[in-house]
Amino acid sequence: MGAQAEIKILICQGTGGISAGARKVESEFRKVLDEKGIQAVVGKRCDVINTGCRGLCANDVLVDIVDPELGRVTYDFVQPEEVAQIIDEHIVKRSPIEKRKAKPYYNTFVDSQMRIVMSGCGQIDPESLQAYLEEDGFKAIEKCVKEMKPADVIDEVKKSGLRGRGGGGFPTGMKWSFCAASQGKQKYLICNADEGDPGAFMDRSVLEGDPYCIIEGMMIAAYAIGCTKGYVYVRAEYPLAIDRLQKALDVCYQKNYLGHNIQGWGFDFDLIIKKGAGAFVCGEETALMASIEGERGMPRPRPPFPAVKGLWAKPTNINNVETFANVRHIINKGADWYGSLGTDTTKGTKIFAVTGKVKHTGLVEVPAGMTVRSVIYDVCGGIANNRKFKAVQAGGPSGGCIPSEVLDTPVDYDSLIKAGAMMGSGGLVVMDETTCMVDVARFFLTFTRDESCGKCVPCRIGLKVMLDILERITEGRGQAGDIETLLEMGSTIKKASLCGLGQTAPNPILSTIRYFRHEYEAHINDKRCPSNCCKELLLWQVVEDKCVKCGACFKACPSDAIVWEKGQIAYLDKEKCTKCKSCYDACRFMAIE
Amino acid sequence: MSNAPAEALPTEEVDLSYANKVIDKYLTLPGNLMPVLQGIQDEYGFVPKPAIDLVAERLNVYPSQIYGVLTFYAQFHLKPRGRFIIRVCVGTACHVQGAERIVETFFEKLGIGHAETSPDLRYTFEKVACLGACGMAPLAMVNDDTFGKMTVQKVGEIITEYNQRPLK
């Protein structure tokens with residue numbers, strides 16, 4: 001085989017890559033290589049089977065060409081019709097196409113992160129136990145069992161300062177110690193992988209990219225607490241994650257990394273998967289346990305806390321995927337090392353799913369304490385389409401909006417709460433001047449209203465009434481006093497609801513009123529949506545002064561409502577307009593309002 | 001919410017041997033109701049009424065409790081579903097990128113709303129909370145095919161394409 005046979009072509013085929021057309025790109029590569037009789041290995045890059053996502057899905061389809069002589073070259077935004085040219089220049093003539101290479105920001109995006117939890121994702125084959133063992137896999141649990149008492153393990157985790165990554169931020173070591181202190185022979189350990197937040201997908205990525213590290217994290221917790229049975233509660237919407245995890249579990253059982261007397265260490269642990277069935281409230285621990293028991297996933301009042309009386313009325317400890325993924329690194333490298341990362345109150349790193357109107361959307365893992373500004377502008381490249389930053393929504397439906405004035409808030413639990421948001425699951429949705437904050441509040445409330453389990457009145461009725469008011473406002477029927485009613489109801493619902501869903505559901509409204517009260521007022525008093533977003537309040541028209549006669553709006557309009565000819569100012573026919581906003585989005589010159 | 005007409009499939013005549021197999025598999029597992037219902041739905045595409053009666057009898061639970069579970073979780077379906085399941089993501093990232101008008105265009109062109117199935121059982125339409133590919137927002141899926149960076153025009157193209165596919 002000649003040198004050419006060793007060329008590897010890796011095509012990004014995660015969910016993002018596939019939706020950008022990666023399958024077509026792959027078949028085009030295969031076809032052209034075949035036609036030209038060139039030998040090369042065509043594989044999947046971003047599909048977590050082989051390597052895994054580096055997180056920059058917005059630039060898909062990403063193609064890496066690895067050549068022993070030319071090294072690794074990454075091309076982004078690859079289209080099927082460009083494949084022939086890439087093959088011709090890069091592989092045949094051996095000169096990479098400089099113009100088509102991923103721009104330097106691609107490296108900035110990758111290099112400015114600190115990967116601990118996701119260190120395995122994209123580096124190892126998630127289906128191979130061997131690959132995990134080579135990365136010091138199961139070394140941490142071995143160290144625990146052989147060299148440490150359960151209490152030492154808990155102390156080490158306490159000392160590291162690790163806090164729950166599910167959003168609440170409760171100190172993990174302390175949580176473990178409660179369950180460890182509980183009486184009872186049978187105790188349970190649960191990994192919460194329900195991840196129902198719209199806009200967050202880091203748990204899925206870790207499960208898909210490095211399932212063994214979750215298993216090991218759970219083994220360490222089980223040893224520390226003294227329990228022998230564990231469940232992983234995963235969203236059924238994540239079939240690939242379930243598949244990978246199940247395979248890893250099977251292998252662990254075969255090789256005696258799970259089950260009875262693991263590796264002869266005198267330690268037993270059984271782990272099984274329970275699939276969720278699509279209910280956001282099941283992320284709440286008492287609801288999640290009800291769901292495992294086969295009931296409707298309804299929360300119950302606490303106390304008794306799960307650590308005392310949890311699953312099947314036995315002492316139970318629940319942690320999030322990302323929390324478990326941190327554990328082995330703490331044991332391997334020590335609490336002091338972990339404690340040196342992050343801020344005084346938030347140690348380690350946090351993964352964020354940065355999405356919305358930002359240039360480079362994706363999953364980023366950064367040290368706690370980096371500012372929100374830095375995450376958005378330095379790591380993710382700032383706002384797309386030359387528009388202005390307005391706010392970033394942190395923490396999903398439980399969180400709140402951070403405006404530009406407080407962009408220098410560090411990403412740690414306490415600072416975010418002070419700014420009116422929260423860490424939550426780690427979703428960061430960036431919004432620009434075209435996003436209406438009243439509409440965003442309405443969006444989240446629609447979600448929480450739909451997902452409310454209906455057990456307690458403040459959440460079931462309160463959210464519905466608040467949503468009605470918000471809908472009225474966005475439809476131009478707002479009344480004086482609405483804002484005050486929303487504020488009052490919001491604080492009551494927060495205090496009176498049974499579980500975390502209701503206690504945090506008003507946050508998006510309260511934070512948008514706190515920072516964007518003028519937008520609410522414009523909707524209510526002037527019947528106007530300042531961001532040109534709320535459909536009922538808009539009548540589109542072309543601003544003739546700003547129109548550059550490019551015709552972008554004409555091409556985008558699906559209902560022939562725009563009249564345009566080359567060199568002419570566009571005209572919008574209000575009779576035909578369906579207010580779909582396609583023209584507004586297409587126009588780069590803000591000439592439509 | 002109106003669903004597809006029930007007479008579209010003779011739901012009363014269901015071969016229950018598969019349901020029996022699923023129940024056998026999980027019979028001794030604690031908390032087995034959900035895995036049993038999930039297994040049944042995997043086979044039939046929805047949870048048929050005779051299967052509910054069978055589960056009630058064999059697991060010794062009230063049918064009302066089973067309906068309680070079935071109607072609580074978004075994932076269970078009590079009626080037959082279309083050949084092509086169109087799912088449009090309305091998660092936060094998709095919402096700020098204009099998912100709502102993608103949804104409305106589908107409504108308009110298909111003549112069915114959220115969680116509805118077309119009378120010919122070709123399409124079922126669903127809004128979903130997050131498909132986890134936020135970088136490609138707004139996003140739509142037809143069965144397992146993903147369509148990123150959706151536009152109103154693309155909706156028409158997708159429907160034209162799937163209209164031509166055979167129903168079986």
Side-chain angles (χ1 to χ4, degrees), chain A residues 14-16 18-21 56-60 196-201 204-205 236-238 274-280 282 291-298 312 353 355-357 360-362 393 396-397 427 429-431 434-435 439-440 443-444 447 451 453 535 556 558 580-582 585, chain B residues 26 29-38 41 59 61 65-66 68-76 87 89-102 104-105 108 127-137 139-141 144-156:
Chain A
T15 314
I18 290 169
S19 67
L56 197 55
C57 308
N59 286 31
D60 276 327
D197 267 27
F201 48 99
R204 181 179 89 158
S205 270
E237 288 93 330
Y238 288 171
K274 274 273 181 174
K275 279 195 277 177
F280 178 64
C282 287
S291 183
I292 290 183
E293 290 170 7
E295 311 275 324
R296 290 165 72 108
M298 304 251 232
W312 317 112
T355 58
K357 312 265 175 133
H360 314 132
T361 59
Q393 215 282 345
V429 182
V430 179
M431 299 164 185
T434 64
T435 315
D439 178 66
V440 166
F443 165 77
F444 280 113
F447 180 79
E451 294 292 338
C453 82
K535 211 169 131 178
C580 76
K581 262 182 98 176
S582 295
D585 286 345
Chain B
Y26 294 110
L29 182 83
N32 52 9
L33 184 53
M34 291 237 297
V36 163
L37 295 174
Q38 282 167 334
Q41 177 158 297
L59 297 188
V61 286
Q65 194 189 340
I66 301 177
V69 168
L70 288 173
T71 53
F72 183 83
Y73 296 101
Q75 231 174 40
F76 290 118
R87 285 183 285 185
C89 180
V90 291
T92 322
C94 289
H95 179 77
V96 301
Q97 303 278 26
E100 199 50 43
R101 50 175 200 277
I102 307 295
E104 277 166 21
T105 315
E108 222 170 84
K127 295 196 264 185
V128 292
C130 190
L131 293 170
C134 310
M136 286 288 133
L139 199 78
M141 273 181 98
D144 291 330
D145 296 331
T146 321
F147 300 90
K149 302 205 167 139
M150 283 292 294
T151 58
V152 170
Q153 286 102 318
K154 272 200 198 171
V155 172

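Only heavy atoms go into these numbers, but all of them, side chains included; no hydrogens, no water, no symmetry mates. A note on names: the letters A, B, ... follow the listed sequences, proteins ahead of strands, and every chain is numbered from 1.
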Looking at every heavy atom in both B:Ala93 and A:Gly356, which two are closest together, and how far apart are they? CB-N, 4.1 Å
Option that, when pairs with chain A are counted at under 4.5 Å, heavy atom only, ranks first among B:Val61, B:Val90, B:Thr71: B:Val90
Indicate yes or no for a side-chain donor-acceptor contact from A:Lys274 to the backbone of B:Met34 under 3.5 Å, with no hydrogens or angles considered. no
Can you tell me if B:Gln38 uses its side chain to pair, donor with acceptor, with the backbone of A:Gly276 under 3.5 Å? yes
Considering non-hydrogen atoms only, spot the tightest contact between B:Gly31 and A:Trp312 and give its length. N-CH2, 3.3 Å
For the student: nearest non-hydrogen atoms of A:Ala277 and B:Phe76, plus distance: CB-CE1, 4.0 Å
When the 4.5 angstrom heavy-atom criterion is applied to A:Lys535 and chain B, the contacting part is side chain
Contact leader toward chain B among A:Gly297, A:Cys453, A:Gly427, where contacts are heavy-atom pairs under 4.5 Å: A:Gly297
Taking atom OG1 of A:Thr355 and atom NE2 of B:His95, what is their separation to the nearest 0.5 Å? 12.5 Å
So what's closer than 4.5 Å to chain A heavy atoms on B:Pro35: side chain, backbone, both or neither? side chain
Honestly, the part of A:Thr434 sitting under 4.5 Å from a heavy atom of chain B is neither
Could you tell me which non-hydrogen atom of A:Ala556 sits nearest to which non-hydrogen atom of B:Gln153, and how far apart they are? O-NE2, 3.1 Å
Please identify, among A:Asp439, A:Val440, A:Thr435, A:Ile292, the residue contributing the most non-hydrogen atom pairs under 4.5 Å to chain B. A:Asp439
Would you mind checking which part of A:Cys282 comes under 4.5 Å of any heavy atom in chain B, side chain (CB onward), backbone (N, CA, C, O), both or neither? side chain
Portion of B:Glu100 that has a non-hydrogen atom of chain A nearer than 4.5 angstrom: neither
Spatial distance of atom CZ (B:Phe72) from atom CE (A:Met298) [nearest 0.5 Å]: 6.0 Å
Taking all non-hydrogen atoms of both residues into account, name the closest pair between B:Tyr73 and A:Arg296 and its distance. OH-C, 3.7 Å
With a 4.5 angstrom heavy-atom cut-off, which part of A:Glu295 approaches chain B: side chain, backbone, both or neither? both
Could you tell me which portion of A:Phe444 (side chain, backbone, both or neither) has an atom closer than 4.5 angstrom to a non-hydrogen atom of chain B? side chain
Considering only heavy atoms, which portion of B:Leu59 lies under 4.5 Å from any heavy atom of chain A: side chain, backbone, both, or neither? neither
I need the residue from A:Glu451, A:Lys275, A:Met431 with the largest number of non-hydrogen atom pairs under 4.5 Å to chain B. A:Lys275
